[in-house]
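These notes are about the structure you will find just below.
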2 protein chains.
Amino acid sequence: MGWGDLGAFGEPSKETPNLDQMASEGMLFLDFYTASPLCSPSRAALLTGRLPVRNGFYTTNAHARNAYTPQDIVGGIPDSELLLPELLKKAGYISKIIGKWHLGHRPQFHPLKHGFDEWFGSPNCHFGPFDNRALPNIPVYRDWEMIGRYYEDFKIDLKTGEANLTQIYLQEALDFISKQQASQQPFFLYWAIDATHAPVYASKHFLGTSQRGLYGDAVREIDDSVGKILQHLQNLGISENTFVFFTSDNGAALISAPKQGGSNGRFLCGKQTTFEGGMREPAIAWWPGHIPAGGVSHQLGNVMDLFTTSLSLAGLQPPGDRQIDGIDLLPAILQGKLIDRPIFYYRGNEMMAVRVRLYKAHYWTWSNSWEEYSKGIDFCPGQNVSGVTTHIQEEHTKLPLLFHLGRDPGEKYPLSFASDEYERVMEQISVVVQQHKVTMVPGEPQLNVCDKAVM
Amino acid sequence: MGWGDLGAFGEPSKETPNLDQMASEGMLFLDFYTASPLCSPSRAALLTGRLPVRNGFYTTNAHARNAYTPQDIVGGIPDSELLLPELLKKAGYISKIIGKWHLGHRPQFHPLKHGFDEWFGSPNCHFGPFDNRALPNIPVYRDWEMIGRYYEDFKIDLKTGEANLTQIYLQEALDFISKQQASQQPFFLYWAIDATHAPVYASKHFLGTSQRGLYGDAVREIDDSVGKILQHLQNLGISENTFVFFTSDNGAALISAPKQGGSNGRFLCGKQTTFEGGMREPAIAWWPGHIPAGGVSHQLGNVMDLFTTSLSLAGLQPPGDRQIDGIDLLPAILQGKLIDRPIFYYRGNEMMAVRVRLYKAHYWTWSNSWEEYSKGIDFCPGQNVSGVTTHIQEEHTKLPLLFHLGRDPGEKYPLSFASDEYERVMEQISVVVQQHKVTMVPGEPQLNVCDKAVM
């Protein structure tokens, strides 16, 4: 899902009344980022509070290469990483993941080995259908047990776009919440649906209801489901004890647009890129009685902050034995403070760009290769900013491309290298980048090796 | 100002709290258009309820040429046109225009000759400073009398961007409203400020306050002023008797962006073009006690509708002796109805495109000429949709380019000519266009002749 997919963020069909209401009752984050322009690394970062380059969710097979966890990936989340649910146990939390795990599918990477108490969902995306011989269909798990496969036991009709997976995931969420409330046990629910990921689906009730086509139907179903989850919390009388955060793991996939991909609003490019369209996300915090209704925050936030913030809510400290990139957002959420911190934009093993306050410096630019592009794969359809959306990996480390995201959120007008502003700002940014680089200890890359045997 | 310039429409800095509140207390129009991608014709259409090609605000000097009213224009609003303030007199309304008139500056075109009772402002944009010999600075009028000139008596500092014009216009508005309320006289106020037009200015209090630079400062000052006007209506106890509508006369001028031009959100191109970015406008209706708070409308609306709607509010009928293009929006505003009507996109003398429900068909495409483009004049910076943002006037009258604006608001993916959808939809649209063309009686073009003598 992209920044521009919600009514509250300016989607012209404005079809997300529940998420818009969530924002009007809570706090809208306008400058919130993911840790990677791709799914697996972003989710690993969310659960570890650490950049993918630290927690191993990257590859060194090629420079600045985006990598994720296909069916034949050998790697996954290392045991040495501490995941949010593992830590929350210390405060008595029961944790459940519903939906896509994406942090490895071999036995040692199973979510129940990394702190979750319950799981309903799949290790991978719902790609398929496959022949189920050379290539198996993606399995669906309940806890330790595989209970079926997508397309076989969990139907997805690619012709009509019909699948009731979001409804199943919704019911799982409502049931889990009810059970936890009944047993008076604090809980962490990671509702990791994958409904707007291609191939896009929606359940029958939502098919054909959106002005935006099938993708919009999927967004509407997510919106409706979030509304039902929030309502459920209110009905159970636990909304004032429950912190809810809505966001996405990467920008809308414009290569799949318009049928299978969404909108990044006026931001440049989409998923797979380190332009704003690839990494700036819709984000809403909700906690009635605590977060002032109708709040708007320009705090630079990141999915990794949800790790630290959740620990803070549970009265816990983040681990002290490792670098944690996520910060505690509670001062921003509860007191409206602005915490000065940079945002790093990585592709694989390379820091492509950095944002410091309103300025963003690109040290490397790349959309995709000419080879891919000439096959019709376009991460920036209809957008071409000369010298910015480059089809070769262009190095700017000596003289980074600098943008002011307030005046130019679309990254179209780099500042003049000769300007005083450029010199003054780059001086500050250089210090931030240097500090980041000298203290960077990359983790063992987990996404280097594929092997059909592990399927 | 462009569709994307307000927080309520997804501007990422979200700096328009007053307009956003106006929307949350009133009704947001997401599919509202101007009648021309340029200022003068758009304003003529607003005040006559008629397309520029009917009321004469176009040129036949060249095909599809945008034309406006520079200082040496000979033409202006014809006496044969009936303007909104003229008609409102029948219901006892007193009318005032504050700001830019733009419908001709020769004596016969003076706003007080066309129904307005009061005027404070200028016949043209605040271009300048000029040498005031060969080329005079633009005059500022109070009613019949010229009281000074821009840059001379009404300062605009192009170096700092400082000018207190919006404050002067605001005070004029507040005073006029107070006076009318005191005399218990119904009023029509046309608050036609030109603050976001290049050269952009803001008053000292607002300079440097926006994340967006000087353009954002100007938007903030407008936002603040609108808030003060609405507050004034409430303080005087007449808000429930006063219908207020906020919109713009054309999309943001991307040729001037980012320093002197705003945002059209995710829409294609800007001012001067018939793509969505050139003609879809931010629009908010406000009328406490009548319009349900927080309303959102997908009614296809047009500035010309404000003519007919205003007459309707005053209990008057639009003139029956001529074609009126504006419709009465009250059923949409008060009862949430959707009235089926097309939107025509003109450049000069040519109908370039038409929107029917969610579909838009381009009969001609053009951004600007290669000659202009090669000089660096770009109406679509960073945007290039092959075969759509063409630099020659490309005719598609035999096989129009068809877009679905719900699935593809950015006009990037024309429907396949071979699809059933294309055939079905174009059949309906062709009827609409044919009806429009056979009944079209163009007015005498007013913008054909320039003559330095008339300055």
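Naming: A, B, ... by sequence-line order, numbering from 1 per chain.
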Worked check of side-chain hydrogen bond (donor to acceptor under 3.5 Å, both in side chains) between B:Glu421 and B:Tyr359 = CA-CA 11 Å; B:Glu421 188 181 7; B:Tyr359 290 95; 2.5 Å; yes
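- Proximity to chain A (any heavy atom under 4.5 Å) is shown, for B:Pro12, by both the backbone and the side chain.
- Counting heavy-atom pairs closer than 4.5 Å to chain B, the top-ranked of the candidates A:Glu15, A:Lys14, A:Arg266 is A:Arg266.
- Using a distance-only test at 3.5 Å, with no hydrogens or angles considered, a donor-acceptor pair links the side chain of A:Ser367 to the main chain of A:Thr390.
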message = Pair B:Asn264, B:Cys269 - check side chain to side chain contact (heavy atoms under 4.5 Å, CB included), show working.
response = CA-CA 8 Å; B:Asn264 301 312; B:Cys269 303; over 6 Å; no
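- Proximity to chain A is absent for every atom of B:Leu405, based on heavy atoms less than 4.5 angstrom apart.
- Of the possible polar contacts, one joining the B:Thr247 side chain to the B:Pro282 backbone as a donor-acceptor pair under 3.5 Å is found.
- Using a 4.5 Å cut-off between heavy atoms, A:Pro381 contacts chain B through both its backbone and its side chain.
- Within the 4.5 angstrom heavy-atom criterion, only backbone atoms of A:Phe9 (N, CA, C, O) approach chain B.
- Distance alone, capped at 3.5 Å, places no donor-acceptor pair between the B:Glu25 side chain and the B:Gly294 backbone.
- With respect to chain A, the highest number of heavy-atom pairs below 4.5 Å among B:Asn384, B:Leu214, B:Val385 belongs to B:Asn384.
- A:Phe267 touches chain B through its side chain: at least one heavy atom from C-beta onward sits under 4.5 Å away, while N, CA, C and O do not.
- Chain A forms more heavy-atom pairs under 4.5 Å with one residue of B:Glu411, B:Lys412, B:His298, B:Lys259 than with any other, namely B:His298.
- Among B:Ser24, B:Ser13, B:Ser386, the residue with the largest count of heavy-atom pairs under 4.5 Å with chain A is B:Ser13.
- For B:His362 (side chain) and B:Leu401 (main-chain N/O), no donor-acceptor pair under 3.5 Å exists by modelled atom type.
- Taking the six-membered ring where the residue is Trp, the centroids of A:Tyr33 and A:Tyr345 are separated by under 6.0 Å.
- When the candidates B:Pro409, B:Ala8, B:Gly410, B:Gly406 are compared by the number of heavy-atom contacts under 4.5 Å with chain A, B:Gly406 comes out ahead.
- Remark: B:Asp217 does not engage B:Arg212 in a salt bridge, criterion side-chain N to carboxylate O under 4.0 Å.
- Between chain A and the residues B:Val296, B:Leu358, B:Asp31, B:Leu268, the largest count of heavy-atom pairs under 4.5 Å involves B:Leu358.
- The residue among B:Gly216, B:Gly10, B:Pro258 with the most heavy atom pairs within less than 4.5 Å of chain A is B:Pro258.
- In this structure a side-chain-to-backbone donor-acceptor pair under 3.5 Å is missing from B:Arg280 to B:Trp3.
- A:Leu6 does not touch chain B: none of its heavy atoms, backbone or side chain, sits under 4.5 Å away.
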